[in-house]
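Scroll down for the structure; my scribbles are underneath it.
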Amino acid sequence: IFDSLEYNFDTLKGRMRELAFLNKGVRITVTDKRVEPELSRSFCYEGGIISFVEHLNKSKDVLHDEVMYFEGSRNQPEKEQVATVEVAMQYNSDYNESVFTFANNINTGEGGSHLVGFRSALARSINDYARKYKILKDSDANLSGEDVREGLTAIISVKLVEPQFEGQTKTKLGNAYIRSLVDNIVGDGLAYYLEEHPQVSKQIIDKCLTASRAREAARKARDLTRRKTALDNTSL
């Protein structure tokens, strides 16, 4: 039961912009007729989620101008496994990860199978490339998931029949086959992209290596502090 029905124009405007990004070429107009003169905003993005990533990164220092984009589908109606996958991603010089996932235009804030598949493919592809070209030596440990996602802005959008949402808030996707579908599409697409753009690949892996060294240095500093504190507290 709602005590008041006061719709926030800015909230609706933000959601309509998001829907326009997720459905490329579709024009969505939202109008507020409660005020004089009327407020009206119209959104249409031919670039779809590529434009979404550019919008999120517009005030950031990006590592590469081109937004990486991968798409694919699975069509097995007898198994109810009809799905399309779109992924757009671009690295920037920040230290934070901005990865947003959607299933049938619903923001899956808790992630789910599509996010797991994306993360798995991303870490594997970057580590494989770094090993292949001896950027990572045999004695070096693999780059972690955190390392390869530092400074990453990405949108993962899946559209599927019979989505299964988990959790109390229904914002976590549970369809198991989506994981392997996203993993395959991103893995193949990213491996090809890295091979075709060696300059960009070097910049991305340099950033990942810097993140890995910083994480290792922070861990050593933390361990040293804990050891020192433990020794200080020891009473004879």
Side-chain angles (χ1 to χ4, degrees), residues 7-32 39-72 84-111 114-115 117-119 121-123 125-126 143 145-159 171 182 185-186 189-190 192-194 196-211 214:
Y7 291 104
N8 185 305
F9 181 71
D10 287 336
T11 302
L12 287 169
K13 187 177 71 176
R15 176 60 178 149
M16 294 307 127
R17 180 195 284 128
E18 194 174 79
L19 284 170
F21 279 130
L22 293 167
N23 300 279
K24 60 184 171 188
V26 175
R27 181 170 298 281
I28 301 176
T29 304
V30 55
T31 307
D32 190 350
L39 279 175
S40 185
R41 289 296 306 274
S42 189
F43 305 102
C44 181
Y45 302 97
E46 293 299 336
I49 61 171
I50 294 174
S51 301
F52 202 164
V53 170
E54 288 171 345
H55 173 74
L56 293 171
N57 273 346
K58 67 182 177 185
S59 59
K60 296 176 181 174
D61 179 24
V62 296
L63 288 190
H64 48 101
D65 294 331
E66 184 187 7
V67 176
M68 298 181 224
Y69 176 76
F70 316 114
E71 65 177 334
T84 60
V85 174
E86 282 187 285
V87 176
M89 53 186 274
Q90 186 181 41
Y91 279 89
N92 58 62
S93 58
D94 280 8
Y95 302 108
N96 300 320
E97 167 194 354
S98 302
V99 177
F100 301 97
T101 60
F102 298 87
N104 292 0
N105 294 331
I106 298 164
N107 188 336
T108 45
E110 293 180 59
H114 50 343
L115 181 60
F118 171 76
R119 286 180 167 177
L122 180 70
S125 300
I126 289 179
L143 294 164
E146 286 175 46
D147 300 332
V148 301
R149 294 194 304 272
E150 185 178 286
L152 175 66
T153 299
I155 302 293
I156 304 153
S157 175
V158 299
K159 295 193 171 88
T171 55
V182 174
I185 289 165
V186 175
L190 187 55
Y192 180 78
Y193 184 92
L194 293 173
E196 291 293 306
H197 301 80
Q199 195 61 42
V200 174
S201 305
K202 185 178 184 308
Q203 287 176 299
I204 291 171
I205 290 172
D206 282 349
K207 181 169 178 60
C208 297
L209 287 169
T210 304

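All values below were derived from every heavy atom in this structure, side-chain atoms included, with hydrogens, water molecules and symmetry-related copies excluded.
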Is the number of heavy atoms from other residues, nucleotides or ligands within 6.0 Å of [atom1] ([X]) greater than 12?
X      : atom1 : answer
Tyr192 : OH    : no
Glu97  : CD    : yes
Asp65  : CG    : no

Using only heavy-atom distances, determine whether the side chains of [X] and [Y] contain a donor-acceptor pair under 3.5 Å.
X      : Y     : answer
Thr153 : Gln90 : no
Asn92  : Asp61 : no
Glu150 : Tyr91 : no

Give the table of side-chain donor-acceptor pairs shorter than 3.5 Å for residues 196-206, with sequence neighbours excluded, one pair per line with atom names and distance.
unit_1, atom_1, unit_2, atom_2, d
His197, ND1, Tyr193, O, 3.0
Ser201, OG, Leu194, O, 2.7
Ser201, OG, His197, O, 2.8
Lys202, NZ, Asp206, OD2, 3.0

So, do [X] and [Y] sit near enough that their side-chain heavy atoms are less than 4.5 Å apart?
X      : Y      : answer
Arg149 : Ser98  : no
Ser40  : Thr29  : yes
Arg27  : Ser42  : yes
Leu19  : Asn105 : yes
Glu71  : Val85  : no
Val87  : Ile155 : no
Asn23  : Tyr45  : no
Phe70  : Glu86  : no

Notebook entry, point to check: Nearest heavy-atom pair of Ala20 and Cys44: which atoms, and what distance?
Noted result: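 Ala20 and Cys44 have their closest heavy atoms at CB-N, 4.4 Å.
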Checklist line | Ala88 to Val67 - nearest heavy-atom pair and separation | finding: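 Of all heavy-atom pairs spanning Ala88 and Val67, the closest is CB-CG1, 4.0 Å.
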[atom1] of [X] to [atom2] of [Y]: how many Å apart, nearest 0.5 Å?
X      : Y      : atom1 : atom2 : value
Thr31  : Leu12  : OG1   : CG    : 11.0 Å
Arg119 : Ile156 : CZ    : CD1   : 8.5 Å
Thr210 : Tyr95  : OG1   : OH    : 8.5 Å
Tyr69  : Ile49  : OH    : CD1   : 5.5 Å
Lys207 : Leu152 : NZ    : CG    : 10.0 Å
Phe9   : Leu39  : CZ    : CG    : 5.0 Å

Item checked: With Glu18 via side-chain contact (heavy atoms from CB on, under 4.5 Å) - residues at least two apart ->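 If we apply the side-chain contact (heavy atoms from CB on, under 4.5 Å) test to Glu18, skipping adjacent residues, the hits are Arg15, Leu22, Phe52, Phe102, Asn107.
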Next item on the list: Go through the steps for Thr171 and Thr108 under the test side-chain hydrogen bond (donor to acceptor under 3.5 Å, both in side chains), then give the verdict.
Entry: CA-CA 4 Å; Thr171 55; Thr108 45; over 6 Å; no
Notebook entry, point to check: Is there a donor-acceptor pair closer than 3.5 Å between any side-chain N or O of Asp94 and the backbone N or O of Asn96?
Noted result: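 It does not hold such a pair.
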Check: Does Ser125 reach the main-chain N or O of Leu190 with its side chain, forming a donor-acceptor pair under 3.5 Å?
Finding: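 Checked: no pair found.
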Check: Would you call Lys24 and Glu46 a salt bridge, using N to O less than 4.0 angstrom?
Finding: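 Result for this pair is no, no salt bridge flagged.
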Next item on the list: Before giving the answer on side chain to side chain contact (heavy atoms under 4.5 Å, CB included), spell out for Tyr7 and Asp32 the whole-Å C-alpha distance, their side-chain angles and the decisive distance to 0.1 Å.
Entry: CA-CA 10 Å; Tyr7 291 104; Asp32 190 350; over 6 Å; no
Note to self: Run the side chain to side chain contact (heavy atoms under 4.5 Å, CB included) test on Met89 and Leu122 for me, step by step, so that the C-alpha distance in whole Å, both residues' side-chain angles and the decisive distance to 0.1 Å come before the verdict.
What the structure shows: CA-CA 11 Å; Met89 53 186 274; Leu122 180 70; 3.6 Å; yes
